[in-house]
Amino acid sequence: MGRRHLGPEDIVRYEEDGPKVVLLDQRRLPDDVVELECRTVGDLVTAIDELAIRGAPAIGIAAAYGLALAAEHGEDLDAATAALAATRPTAVNLAWALGQMRDEPTPARARALHEDEVGRCRAMAAHAAELFGPSTRALTHCNAGGLATGGYGSAVGALRTAWELGLLERVWVDETRPLLQGSRLTAWELEAAGVPYAVIADSAAAALMASGEVDCVVTGADRIAANGDTANKIGTYSLAVLAAHHGLPLYVVAPTSTVDLATATGAEIPIEERAGSEITARFAARNPAFDVTPAGLIAAIVTELGVQRAPYAQSLAALA
Ligand code: MRU
C-alpha cells in the first residue's frame with residue numbers, strides 16, 4: 001500500500017472472501033504500511049489487545065465487523081461479544097458498537113455503522129472549526145485521527161477542517177508516551193494532510209504554553225461521563241491542568257457514540273491498565289493507559305450534533 005490519503009476501508013474492512021476482517025496494522029506505522037488479516041474473532045481480539053487497531057471509535061467498528069465474522073462462522077454470539085467487549089474497558093464505543101450489532105450481526109450493518117462514524121467525524125469537525133480563531137496554534141495528544149475513528153478523525157478531523165478553512169497555523173503533536181501514538185500516527189496523518197505540525201516531547205507542553213506558543217488544546221475521548229468528565233489517553237489530564245493554568249481552552253472532540261450517559265461521573269469509568277513492559281523491559285512499572293479530565297477543565301465538548309458547553313449534565317443529556 002503506497003503513501004496516500006487513507007480511505008475508511010484502508011483502515012478497517014470486512015471481506016466476504018475468507019471471510020475476514022482486514023486492518024491496517026497500526027503497530028507497524030509509520031515505517032511499514034502493512035495489513036493484518038483476522039480470520040477469527042480470536043485473531044481480532046488479539047489485534048485489538050495489541051493495538052494493531054486502536055482509538056475508541058475504530059475499535060468499536062472493528063468489533064462490529066468481528067461480530068459479523070462470528071455470525072458468519074455460526075459462533076456463539078454472546079461469547080464473541082463478551083470476548084470483544086473485554087479487550088479494552090475504557091473505550092465505551094466498543095460496548096456501544098456491539099450493542100448496535102445485536103439485532104443484525106451482518107457485514108452490511110457493520111459497514112453502515114462504519115460509514116455513520118466517519119460521517120459523524122466530518123460533522124463534528126465542522127462544528128469544532130467554529131471554535132478556532134485565525135492563525136490558531138493547537139496542541140493535540142495521542143492520535144484522534146482517521147486511524148482512530150475508521151476515517152477522517154475526531155480531534156485531528158477538526159484540525160484538518162480548520163486548516164482547510166485557513167484558521168490553523170500549526171499543530172503541536174505530543175509524542176504521547178509510552179506507545180507514541182502522537183509521533184508515530186498523528187504526525188503521519190498530518191503530514192499526509194499537508195497540515196504544518198511539529199512533534200514535541202510530552203514534557204515540553206508546559207514550556208510552550210508559558211512562552212505563548214499554544215492557543216488551545218484539542219483531544220479526542222474514550223468515554224465521556226454524563227457530567228462531562230472525560231477519559232482519554234494518559235497525559236490528557238496533565239494537559240488540562242496546564243491549559244487551565246495558562247488560561248487556554250481545552251476542547252474535546254468526539255462522536256455521541258463516546259458519550260456514556262449511563263456512567264454518572266469519571267470516577268466510575270474503568271481505566272485500562274496495560275503491561276509495565278510497554279514502559280520498561282527492565283524495571284517494575286505501572287501503566288494506566290488513560291486518565292480522566294474533570295469536566296470543569298473542559299471548555300467545550302464537540303460532537304456531530306454541535307458544540308456543548310458546561311453545565312454538561314444538562315447539555316449532554318439534551319443530546320439524547
Ligand atoms: O490506547 P489508544 O491508542 O487506543 O488510545 C486512543 C486515545 O486515547 C484517543 O485519543 C481516543 O480513543 C479518541 S480516538 C478518536
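Just follow the structure's listing: the first ligand is 1, and inside any ligand the first atom is 1. One is the number of the first residue; the rest follow in order along the sequence.
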Chemist: Could you give the distance from CD (E75) to CG (L69), rounded to the nearest 0.5 Å?
Modeler: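 These two atoms lie 7.0 Å from each other.
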Chemist: Measure from every N or O atom of ligand 1 to the protein's N or O atoms and keep only the pairs below 3.5 Å, writing each with atom names and distance to 0.1 Å.
Modeler:
unit_1   : atom_1 : unit_2 : atom_2 : d
ligand 1 : 1 (O)  : R88    : NH1    : 3.4
ligand 1 : 1 (O)  : R88    : NH2    : 2.8
ligand 1 : 1 (O)  : K233   : NZ     : 2.7
ligand 1 : 3 (O)  : R54    : NE     : 2.8
ligand 1 : 3 (O)  : R54    : NH2    : 3.2
ligand 1 : 3 (O)  : Q181   : NE2    : 2.9
ligand 1 : 4 (O)  : G55    : N      : 2.9
ligand 1 : 4 (O)  : R88    : NH1    : 2.7
ligand 1 : 8 (O)  : D222   : OD1    : 2.9
ligand 1 : 8 (O)  : N232   : OD1    : 3.2
ligand 1 : 8 (O)  : K233   : N      : 3.2
ligand 1 : 10 (O) : N232   : OD1    : 2.7
ligand 1 : 12 (O) : A56    : N      : 2.9
ligand 1 : 12 (O) : D222   : OD1    : 2.9
ligand 1 : 12 (O) : D222   : OD2    : 3.2

Chemist: Would R122 and E164 pass as an ion pair if we require N to O under 4.0 Å?
Modeler: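 Judged by the 4.0 Å cut-off on N to carboxylate O distance, R122 and E164 do not form a salt bridge.
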Chemist: Would you mind listing the cluster partners of L168? Hydrophobic ones only (ILVMFWY), side-chain contacts under 4.5 Å, chaining allowed.
Modeler: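 So far as hydrophobic clustering goes, L168 is joined with M124, L131, F132, V156, L159, W163, L165, L167, V171, V173, L190, V195, Y197, V199, V218, Y251, V253, V302, V307.
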Chemist: Name all residues meeting the side chain to side chain donor-acceptor pair (under 3.5 Å) criterion together with R177; count only those two or more places apart in sequence or in a different chain, and write none if there are none.
Modeler: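 With neighbours one apart ignored, the set is empty.
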Chemist: Taking atom CG as the centre, does D103 end up with more than 12 heavy-atom neighbours from other residues, nucleotides or ligands that are less than 6.0 angstrom away?
Modeler: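 It does not: D103 CG has 12 such atoms or fewer within range.
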Chemist: Under the side chain to side chain donor-acceptor pair (under 3.5 Å) test, which residues partner Q100, sequence neighbours left out?
Modeler: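 Testing Q100 for side chain to side chain donor-acceptor pair (under 3.5 Å), a comparison that skips the adjacent residues, returns R109.
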